[in-house]
Amino acid sequence: MIAILTADIINSRKSPSQEWIKPLKALLDTYGSSPADWEIYRGDEFQLAIKNPEEALLISIQIKALLKSMRFDARIAIGLGTTSYHGATISQSNGSAFERSGITFDTLKKRKINLAVSSGDTSFDTECNLLLKLCLAFMDHWLQHSATFVFTANQNPNLSQADLGTKLGINQAAVSRRLKRSHYDLLLQVEQHYRTKIKNLNL
């Protein structure tokens, strides 16, 4: 089983692509190589293949936090399944994970949802997507400071609040405020729940 992320940048045309494309490429590069594992196409859309599907939600959160820290946002569809053909580029590959990701992505804008998962398992999808909707109630409204905190904390999971403060150039009290405003602890609980549930999937 693999995970395929299909996504686009919300309101990307309101600002030059240079503002987000280099940081996004740098982040995607940490998860694989282009164009086999990830690709940016049609200006502001991109796909990413994640070989360990347990990482898919955390990576989606990272992408969203990075873009929100730059005053952008992303719509992201996570497709779980298999690969039936490996092309030279990710856009040439296919399989159930690609199909589920693409179909779900095509519905996001109409449903006014910025993050969803599709595995073909109705019980798993219903539960996870309900939890994601609840998380989006605050994730979609992260301010730059909150998004930067989430991104930095995710990149440095073993740092103490004091060390995170040093990295962000703020004091520990400010770190604590940003942790609460971003609902970071709740987000981590949902992310861990996703990891637990996906282990029981048999796709």
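All residue numbers in this chain count up from 1 along the given sequence.
- Residues Gly32 and Asp37 approach most closely at CA-OD2, 3.5 Å, considering heavy atoms.
- The hydrophobic clustering, which links ILVMFWY residues whose side-chain heavy atoms are closer than 4.5 Å, places Leu27 and Leu58 apart.
- Checking Ser182 against Arg178 by side-chain atom types alone, no donor-acceptor pair falls below 3.5 Å.
- Glu39 meets the salt bridge (Lys or Arg N to Asp or Glu O under 4.0 Å) test with no other residue; sequence neighbours excluded.
- Between Ser15 and Phe72, the closest heavy-atom pair is CB-CZ, 3.7 Å.
- Taken from CD1 in Ile10 to CG in Asp44, the straight-line distance is 10.0 Å, to the nearest 0.5 Å.
- The main-chain N or O of Ala97 is never found under 3.5 Å from a side-chain atom of Ser101 such that the two would form a donor-acceptor pair.
- Taking 4.5 Å as the limit, every side-chain heavy atom of Leu164 sits out of range of all side-chain heavy atoms of Gln172.
- Inter-residue side-chain proximity for Thr82 and Met1 is flagged as unmet; no heavy-atom pair is nearer than 4.5 Å.
- Side-chain contact between Ile90 and Pro35 is absent, with no heavy atoms from C-beta onward closer than 4.5 Å.
- For Gly120 against Asp125, the heavy-atom pair with the smallest separation is N-OD2, 3.3 Å.
- Here the side chains of Gln155 and Gln62 are in contact, with some heavy-atom distance below 4.5 Å.
- Atom NZ of Lys133 and atom SG of Cys128 lie 13.5 Å apart (nearest 0.5 Å).
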Requested in this report: Starting from the C-alpha separation in whole Å, work towards a yes-or-no answer on side-chain contact (heavy atoms from CB on, under 4.5 Å) for Ile113 and Leu136.
Outcome: CA-CA 8 Å; Ile113 296 172; Leu136 287 170; 3.8 Å; yes
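- Leu108 places none of its side-chain heavy atoms less than 4.5 Å from the side chain of Asn114.
- A donor-acceptor pair is defined here as one N or O able to donate and one able to accept, closer than 3.5 Å; no such pair exists between the side chain of Ser96 and the backbone of Gly81.
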Take Leu115 and Ser60 through the side-chain contact (heavy atoms from CB on, under 4.5 Å) test and state the conclusion after the steps. CA-CA 8 Å; Leu115 179 60; Ser60 298; 4.0 Å; yes
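- Residues Leu48 and Ile59 have side chains in contact (heavy-atom distance under 4.5 Å, counting atoms from C-beta outward).
- Taking both residues in full, the closest heavy atoms of Ser146 and Arg181 are given as OG-CB, 4.0 Å, listed atom of the first, atom of the second, then distance.
- Remark: Lys109 does not engage Asp8 in a salt bridge, criterion side-chain N to carboxylate O under 4.0 Å.
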Test salt bridge (Lys or Arg N to Asp or Glu O under 4.0 Å) applied to Lys180 and Asp185, step by step
CA-CA 8 Å; Lys180 290 177 182 176; Asp185 287 341; over 6 Å; no
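- Nearest approach of Ala147 to Ser69, heavy atoms of both residues: CB-N, 3.5 Å.
- Ring geometry for Phe138 versus His183: interplanar angle of 30 to 60°, hence tilted.
- Note on ring orientation: taking the six-membered ring where Trp is involved, the planes of Phe124 and Tyr194 are tilted (angle from 30° to 60°).
- No side-chain heavy atom of Glu127 sits under 4.5 Å from any side-chain heavy atom of Asp121.
- A salt bridge between Glu55 and Arg195 is present, with a side-chain N of the basic residue lying under 4.0 Å from a carboxylate O of the acidic one.
- Distance OG/Ser17 to NZ/Lys22: 11.5 Å, rounded to 0.5 Å.
- Between Ile50 atom CD1 and Leu80 atom CG the span is 9.0 Å, to the nearest 0.5 Å.
- Atom CZ of Arg42 sits in a sparse spot, with 12 or fewer heavy atoms from other residues, nucleotides or ligands closer than 6.0 Å.
- Ile78 places none of its side-chain heavy atoms less than 4.5 Å from the side chain of Ser118.
- Between the side chain of Ser33 and the backbone N or O of Asp29, no donor-acceptor pair lies under 3.5 Å.
- Within the 3.5 Å criterion, the main-chain N or O of Leu159 finds no donor-acceptor partner in the side chain of Asn156.
- Rounding to the nearest 0.5 Å gives a distance of 9.0 Å between CG of Leu131 and CG of Leu186.
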Show your working on side-chain contact (heavy atoms from CB on, under 4.5 Å) between Thr148 and Lys68 and close with a plain yes or no. CA-CA 8 Å; Thr148 301; Lys68 292 288 283 185; over 6 Å; no
Before giving the answer on ring pair (Phe, Tyr, Trp, His ring centres under 6.0 Å), spell out for Phe46 and Tyr41 the whole-Å C-alpha distance, their side-chain angles and the decisive distance to 0.1 Å.
CA-CA 6 Å; Phe46 60 95; Tyr41 53 91; 8.4 Å; no
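- Linking Ile, Leu, Val, Met, Phe, Trp and Tyr whenever their side-chain heavy atoms come within less than 4.5 Å leaves Ile4 and Leu132 in two separate clusters.
- Scanning all heavy atoms of the two residues, the minimum distance from Ser12 to Trp20 falls at CB-NE1, 4.0 Å.
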Give the C-alpha distance, both sets of side-chain angles, the deciding distance and a yes or no for side-chain contact (heavy atoms from CB on, under 4.5 Å) between Thr6 and Phe98. CA-CA 8 Å; Thr6 304; Phe98 291 87; over 6 Å; no
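- Once rounded to the nearest 0.5 Å, the distance linking CZ of Arg75 with NZ of Lys64 reads 10.0 Å.
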